[in-house]
Peer 1: 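Here it is, the structure, as structure tokens.
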Amino acid sequence: MPKLTIDNKEVEIDSGATILDAARKLRIEIPTMCFRDGYRASTSCMLCVVKVEGLERLVPACGAIAQEGMKIDTVCEEVRLARIGALELLLSDHLGDCMGPCQVVCPCRMNIPLMIRQIRQGELESAIATIKKDIALPAVLGRICPKPCEKVCRRGEIDDAISICLLKRFVADVDLQSSTPYQPKCMPVNGKKIAIVGGGPSGLSAAYFLLQKGYECTVFDQNNRLGGMLWTEQLRERLPAEVVEKEVALIEKLGMRFESRKKIGSAVSIAELREDFDAVYIGMGELKEGDEKRLGVKTASGCIVVDRQSYKTSLEGVFAGGDAVRKKRLTVRAVADGKEAAVCIDQYLSGKKLKRTVKEFNTRIGKITEHEKEAFLAGADRRGRVKPSNEQAGYNEQEAMGEAGRCLHCDCRKADNCKLRQYAQQYGARPARYKGQRRPFVQQVNHPEIIYEPGKCIDCGLCIEIASEEGEKFGLTFIGRGFDVQVAVPLGRSMAEALERAGRKCVEACPTGALAFKDSKRRTNPP
Ligand code: SF4
Ligand code: SF4
Ligand code: SF4
């Protein structure tokens with residue numbers, strides 16, 4: 001029984017066991033991608049490398065046998081850099097979008113492809129939950145958003161972008177008209193109080209997310225009704241008063257208090273709010289003459305100065321977002337600020353390190369070729385954009401389902417359980433570090449349940465071994481050499497013939513989205 005130390009901890013392990021086994025015995029986590037218990041170690045991904053004292057080269061923990069007296073380091077800088085290098089090398093030849101281009105540019109980071117799938121399946125209750133996870137005022141934004149998502153929608157490269165905004169509006173309108181509109185679950189009241197200055201989109205959004213975390217929220221506004229700039233005359237034609245009233249009322253129902261006709265600087269000061277509340281969020285919209293002085297926070301060029309990572313102003317416990325902090329004014333950005341600032345205020349009041357929501361790792365395919373357009377269209381409706389029969393009323397259910405059918409579902413089917421993405425996020429790997437010429441986008445869809453995307457394969461070989469072990473007649477094999485090596489079905493047979501019974505096991509073992517289930521119910525989505 002060899003004895004060794006890993007990260008200065010001693011461990012005794014059975015003869016013939018690997019360094020990975022020994023680390024697991026000590027509950028030391030070593031990342032692996034190509035390794036699977038019970039299978040031969042292929043040591044192809046090189047993510048599990050560790051430093052063994054006395055050896056010049058790092059060794060892969062999954063394949064190296066633990067020896068008596070070994071001194072192993074799994075966390076030193078050399079190991080960390082080698083793992084980043086291994087990930088960046090894998091990413092250099094990787095082709096996929098973790099998130100759809102639409103979601104990446106949405107300031108609220110709403111999961112648009114998921115919403116569209118839910119609409120397509122007639123699951124409107126799930127669709128509104130998807131929307132309201134990130135957007136407090138979807139019926140409002142569904143009418144006035146400048147739609148940055150549609151500008152980058154991949155379908156737009158083929159014919160017309162998906163009418164994302166109208167689809168969102170459709171779901172939000174159906175919900176608002178129902179007898180029990182969607183309300184998020186709120187944590188029990190935690191006793192901490194937050195003052196929100198300004199009852200416009202940003203303030204309302206901050207309140208919506210803070211109430212869910214159990215904070216008591218009181219909104220102060222100089223007007224006698226909530227909504228702020230949503231009441232401006234120019235918006236009236238596009239944004240009916242009833243929509244604003246109903247969406248605001250839903251937030252009030254979560255327990256938000258409203259102090260009307262309270263102008264900050266005259267009726268009440270920020271300093272007073274600081275005394276009576278645990279934190280303050282200024283989401284009052286564009287600063288007017290005199291506001292800079294009245295607020296008492298640092299300003300520059302007509303905007304409140306905030307730390308871009310945390311939304312903190314120059315005053316302790318006072319945060320700000322929306323049109324008050326930026327020159328380029330977008331309602332959807334103001335709503336996104338409210339959501340992100342709520343995260344920061346919660347971190348601040350829970351004594352955690354302040355940083356806005358972590359940017360999720362993402363790889364991108366980028367622009368697609370004529371040939372690739374066909375591959376993307378494989379599962380989509382080829383019709384052009386569906387126009388609502390009644391422009392004023394927006395989509396009816398049939399029209400919304402028709403438009404949803406046009407989506408190319410650019411997001412990855414394994415976005416929330418892909419090991420490559422998870423480790424790339426954890427180690428801060430850069431997806432484009434070694435990017436050269438990319439491979440073409442290919443999808444193999446002939447299997448009844450499974451999609452194979454070679455561009456996402458890391459050549460770990462697990463599916464080949466599993467298929468052979470399960471006694472598949474044709475199974476899978478590697479073809480090609482060097483960088484061109486690929487998993488394929490021998491004898492020119494199809495994926496359906498290759499994986500007649502081992503499909504599920506292969507999908508579960510595949511560390512990336514290369515092998516994934518087709519069915520959108522089994523498709524995994526980012527949280
Ligand atoms: S396989 Fe992983 S890294 Fe690649 S697109 Fe999918 S989630 Fe992103
Ligand atoms: S086709 Fe669908 S998933 Fe792709 S960018 Fe457009 S809306 Fe998003
Ligand atoms: S398709 Fe097969 S070889 Fe490629 S990453 Fe998935 S399991 Fe590994």
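Start at 1 with the first residue, then count along the sequence. Counting starts at 1 for both ligands and their atoms, following the listed order. The structure presented is a predicted model; accordingly, all values stated were derived computationally and were not measured.
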Peer 1: Examine all N, O or S atoms of Cys98, backbone included, and report whether one is under 2.8 Å from atom 8 (Fe) of ligand 1.
Peer 2: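 It does; at least one qualifying atom falls short of 2.8 Å.
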Peer 1: Quick one: does Cys102 get within less than 4.0 Å of ligand 2, heavy atoms only?
Peer 2: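 In this structure, Cys102 qualifies as a contact of ligand 2 - some heavy atom is under 4.0 Å.
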Peer 1: Just to be sure I'm reading this right: ignoring hydrogens, which of Ile458, Leu90, Val487 gets closest to atom 5 (S) of ligand 3? Compare them by their nearest heavy atoms.
Peer 2: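 Among Ile458, Leu90, Val487, the closest heavy atom to atom 5 (S) of ligand 3 belongs to Ile458.
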Peer 1: Which bit of Arg413 gets closer than 4.0 Å to ligand 1, counting heavy atoms only: side chain, backbone, both or neither?
Peer 2: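 It is neither; nothing of Arg413 touches ligand 1.
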Peer 1: Note the single closest protein heavy atom to atom 2 (Fe) of ligand 1, along with its residue, its atom name and the distance in Å.
Peer 2: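 Nearest neighbour among protein heavy atoms for atom 2 (Fe) of ligand 1, to 0.1 Å: Cys418 SG, 2.3 Å.
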Peer 1: Only heavy atoms of Arg154, strictly under 4.0 Å: list the atoms of ligand 2 that pass.
Peer 2: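 Listed by number with element, the hits are 5 (S), 6 (Fe).
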Peer 1: If we ignore hydrogens and angles and just use 3.5 Å, is the side chain of Lys414 paired with the main-chain N or O of Cys510 as donor and acceptor?
Peer 2: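 Checking the backbone N and O of Cys510 against the side chain of Lys414, a donor-acceptor pair under 3.5 Å is found.
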Peer 1: Please tell me whether Thr130 and Asn111 have a donor and an acceptor in their side chains that are separated by less than 3.5 angstrom.
Peer 2: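 No, no side-chain donor-acceptor pair sits under 3.5 Å.
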Peer 1: Going from CD1 on Ile28 to CG on Asp7, what distance comes out if it is rounded to the nearest 0.5 angstrom?
Peer 2: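 Output value for this atom pair is 4.5 Å.
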Peer 1: Which residue holds the protein heavy atom closest to atom 4 (Fe) of ligand 3, what is that atom called, and what is the gap in Å?
Peer 2: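 Sorting protein heavy atoms by distance from atom 4 (Fe) of ligand 3 puts Cys457 SG, 2.3 Å first.
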Peer 1: Looking at Gly513, which atoms of ligand 1 are within less than 4.0 Å of one of its heavy atoms?
Peer 2: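 Going through ligand 1 atom by atom, the ones under 4.0 Å from Gly513 are 1 (S).
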Peer 1: Quick one: CG on Leu87 to OH on Tyr427, what's the gap to the nearest 0.5 Å?
Peer 2: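 Spacing of CG (Leu87) from OH (Tyr427) equals 8.0 Å.
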Peer 1: Heavy-atom pairs closer than 4.0 Å: do any link ligand 2 to the side chain of Cys410, the backbone, both, or neither?
Peer 2: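 It is both backbone and side chain that touch ligand 2.
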Peer 1: Need the ligand 1 atom indices (1-based, order shown) with element for anything under 4.0 Å from a heavy-atom of Thr512.
Peer 2: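 Per the distance check, 1 (S).
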Peer 1: For a 4.5 angstrom cut-off between non-hydrogen side-chain atoms, does Met115 reach Ile119?
Peer 2: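 Result yes, sub-4.5 Å side-chain heavy-atom pair found.
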Peer 1: Quick one: CZ on Phe376 to SG on Cys410, what's the gap to the nearest 0.5 Å?
Peer 2: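 Output value for this atom pair is 5.5 Å.
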Peer 1: Measuring from non-hydrogen atoms of Ile116 to any atom of ligand 2, is the shortest distance under 4.0 Å?
Peer 2: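 Ile116: in contact with ligand 2 (<4.0 Å).
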Peer 1: Charged N to carboxylate O below 4.0 Å: is that the case for Arg439 and Asp93?
Peer 2: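 Result for this pair is yes, salt bridge flagged.
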Peer 1: Quick one: does ligand 1 sit under 4.0 Å from the side chain of Thr363, the backbone, both or neither, non-hydrogen atoms only?
Peer 2: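 The part of Thr363 near ligand 1 is the side chain, not the backbone.
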Peer 1: For a quick check under 3.5 Å, do Tyr311 and Glu340 share a side-chain donor-acceptor pair by atom type?
Peer 2: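 There is such a pair (donor and acceptor under 3.5 Å, judged by atom type) between the side chains of Tyr311 and Glu340.
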Peer 1: Tell me the protein heavy atom at minimum distance from atom 3 (S) of ligand 3, and give that distance in Å.
Peer 2: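 The closest heavy atom on the protein side is Gly461 N, 3.2 Å.
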Peer 1: Within ligand 3, which atoms have a heavy atom of Cys463 less than 4.0 Å away?
Peer 2: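 Once the distances to Cys463 are compared, the set is 1 (S), 2 (Fe), 3 (S), 7 (S).
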Peer 1: Does the ring of Tyr423 carry Arg83 above it, NZ/CZ under 6.0 angstrom from centre and within 45° of its axis?
Peer 2: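 The answer is no, since Arg83 fails at least one limit relative to Tyr423.
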Peer 1: Using a strict threshold of under 4.0 Å (side-chain N to carboxylate O), is an ion pair present between Lys473 and Glu497?
Peer 2: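 No, Glu497 and Lys473 are not salt-bridged.
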Peer 1: Surrounding NZ of Lys327 (heavy atoms of other residues, nucleotides or ligands, distance under 6.0 Å), is the total greater than 12?
Peer 2: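 More than 12 heavy atoms, drawn from other residues, nucleotides or ligands, come within 6.0 Å of this atom.
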Peer 1: Taking only heavy atoms of Asp97 into account, list the atoms of ligand 1 that are under 4.0 Å away from them.
Peer 2: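 The list of qualifying atoms is 5 (S).
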Peer 1: Find all atoms of ligand 1 within a distance of less than 4.0 Å from any non-hydrogen atom belonging to Ala415, and give their numbers and elements.
Peer 2: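 Answer for ligand 1: 7 (S).
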Peer 1: Taking side chain as C-beta onward, heavy atoms only, is Ile365 less than 4.5 Å from Arg438?
Peer 2: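 They are in contact (side-chain heavy atoms under 4.5 Å apart), so the answer is yes.
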Peer 1: If hydrogens are left out, which of Val152, Leu408, Ile164 has an atom nearest to atom 1 (S) of ligand 2, that is, the closest non-hydrogen atom?
Peer 2: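 When every heavy atom of Val152, Leu408, Ile164 is considered, Leu408 comes closest to atom 1 (S) of ligand 2.
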Peer 1: Please write down residue, atom name and distance for the protein heavy atom closest to atom 6 (Fe) of ligand 1.
Peer 2: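 For atom 6 (Fe) of ligand 1, the nearest protein heavy atom is Cys412 SG, 2.4 Å.
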Peer 1: Got the closest protein heavy atom to atom 8 (Fe) of ligand 3, with its distance?
Peer 2: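 It is Cys460 SG, 2.3 Å.
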Peer 1: Regarding Tyr395 and Ser163, is there a side-chain donor-to-acceptor distance under 3.5 Å anywhere?
Peer 2: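 On atom types as modelled, these side chains qualify, holding a pair under 3.5 Å.
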Peer 1: Near Gly96, which atoms of ligand 1 are under 4.0 Å from a heavy atom of that residue?
Peer 2: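 Selected atoms, number and element: 5 (S).
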Peer 1: Do you see an N/O/S atom of Cys153, backbone or side chain, under 2.8 Å from atom 6 (Fe) of ligand 2?
Peer 2: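 So Cys153 counts as coordinating atom 6 (Fe) of ligand 2, yes.
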Peer 1: Specify side chain, backbone, both or neither for Cys510, according to which of its non-hydrogen atoms lie closer than 4.0 Å to ligand 3.
Peer 2: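 Contact part for Cys510 vs ligand 3: both backbone and side chain.
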